[in-house]
Amino acid sequence: MLPYFSKLGSKMKIRCFDQKMFCTSAFSPLQLPSRMETHLWYVLPNEVKSQSLLSQYVDLLSPHEKDHVFSMRGDELQKSALLARALVRTTISRYQIHSHVSPTSLVFRKNAHGKPEVIWEESDDWHPPPLHFNLSHTSSLIACGVTVGSPIGIDVEEKQRTMKNRILSFAKRYFSREEVEVLSAISDAEVQRHEFIKLWTLKEAYVKALGIGFSGAPFNTFTIRFRAANSRPEDSTIAIVPLEKPTNLTTNWQFAQVELAGTHYAAICRQNDGFPGGESMKVIVRKTIPLVEENRIDSVDDLS
Amino acid sequence: MATVPVTCVRLTTSMQMVGKTSSLKLVPMGRIKSGFPCLRTSRFQISCSAKPETVNKVCDIVKTQLALSSDTVVAPDSKFATLGADSLDTVEIVMTLEEEFGISVEEENSQNITTVQEAADLIEKLVEKKNATA
């Protein structure tokens, strides 16, 4: 498979994950991500058709989660909400951190700003690893990112997503001036739309990683700037540039952009403390059907 | 001048609304941005439920944004999220409402718009404020 790169306005490498490499048993022990890795799991609702499997997923949920799932309007939305909870519960349990951690035993809560997190059952002889996760979904793909030792934010969007508002009007309203300039400079409308969506996912991933809510980090208070470290596009990095002084926005974050299933753009944001300067994030992608199967998806990196 | 970050208002007197069906609502005053000291007196606002035509317009905009079928019932207490709105949809809805009604929604308020009714109430408050200062 030839490597696929986006050499568009961003000059940022997008890794394309659509090649199946090998299948692992759904239940063999899986190592937690190292501090240098991010794991990205995703499920495609279209691939989950069995009613009995969906019932098994319902059985994994807490009463509160069940209420939420069944409050969604219509079968498709309910299924999507159900898969999201099943994905996060089975994914975290997948690492088999402790015998008392199972998909049904996990307890979640939201932080003060609404960001979901796990409440671990600690004891004198067991302290949980600093595992972080973040979910994102569209109607056709649900993803969960997992890290150890760093908060994480992810966002996925369909590549074909169309906006109801005009893109530049929307960008002028919500993005920073510099970002509007970058988008305005793209003459092809379709290319512009793709770059807009990718930019949205990056900004959303950052705000979700911060965990302080949309109003805690309004999109027009920071710029996502693409910086070429040298002449190689694959070395370019993404920097966060806060626009207000003083600011509560931190900048020690790194990003990865991946394409999933050929249909979605995903952005991942995590802290970059302790990384040798400029190293790109190592992302391990797995496509899964919770409780049934998982396939590690490897990308082909451009080594040129 | 003292800067007072007021995030909630306590109702200290009781009001009786005669001959109207309206709800008494405590309205958060919002946070004061750092660097902009100002003196604020605490006061409470009474907001009545929004006019039906406002609510209907919001419903239409939501239905269009989320591409809902015409037989989908969008009620005032319908939550955008349960209708399938993600964060980008919600932001698009807010922008469309701003353009439709000629208002500007602060970021901290846009997070509080989760239902049709909340959107309609905020719209009417902002329209009233805009007309009052015009």
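In what follows, every chain begins at residue 1, and chains take the letters A, B, ... in the order their sequences are listed.
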(request) Grab the two heavy atoms, one from A:R161 and one from B:D86, that are nearest each other, plus how far apart they are. (result) NH1-OD2, 2.8 Å
(request) Please look at B:A67 and chain A and tell me whether the side chain, the backbone, both or neither of the residue comes under 4.5 angstrom of a heavy atom of that chain. (result) neither
(message) If we ignore hydrogens and angles and just use 3.5 Å, is the side chain of B:E92 paired with the main-chain N or O of A:N165 as donor and acceptor?
(response) yes
(message) At under 4.5 Å between heavy atoms, what parts of residues 65-74 of chain A are in contact with chain B? List them by residue number.
(response) A:S71, A:M72, A:R73
(request) Answer with side chain, backbone, both or neither: which region of A:Q78 has an atom nearer than 4.5 Å to a non-hydrogen atom of chain B? (result) neither
(message) Using a 4.5 angstrom heavy-atom cutoff, name the option from B:V91, B:T96, B:L83 with the most pairs to chain A.
(response) B:V91
(message) Using a 4.5 angstrom heavy-atom cutoff, name the option from B:G84, B:S78, B:S87 with the most pairs to chain A.
(response) B:S87
(message) Quick check: closest heavy atoms across A:Y174 and B:V94, and the distance to 0.1 Å?
(response) OH-CG1, 3.6 Å
(message) Which atoms of B:L88 are under 4.5 Å from chain A, going by heavy atoms: the side chain, the backbone, both sets, or neither?
(response) both
(message) I'd like to know whether CD of B:E99 has more than 12 heavy-atom contacts from other residues, nucleotides or ligands below 6.0 angstrom.
(response) yes
(message) Other residues, nucleotides and ligands only: do more than 12 of their heavy atoms fall within 6.0 Å of NZ on A:K164?
(response) yes
(request) Go through the atoms of A:E157 and report whether side chain, backbone, both or neither lie under 4.5 Å from a heavy atom of chain B. (result) side chain
(request) Taking the side chain as every heavy atom from C-beta outward, state whether A:S215 and B:E106 have any pair of such atoms under 4.5 Å apart. (result) no
(request) Can you tell which part of A:S80 gets under 4.5 Å to a heavy atom of chain B, answering side chain, backbone, both or neither? (result) neither
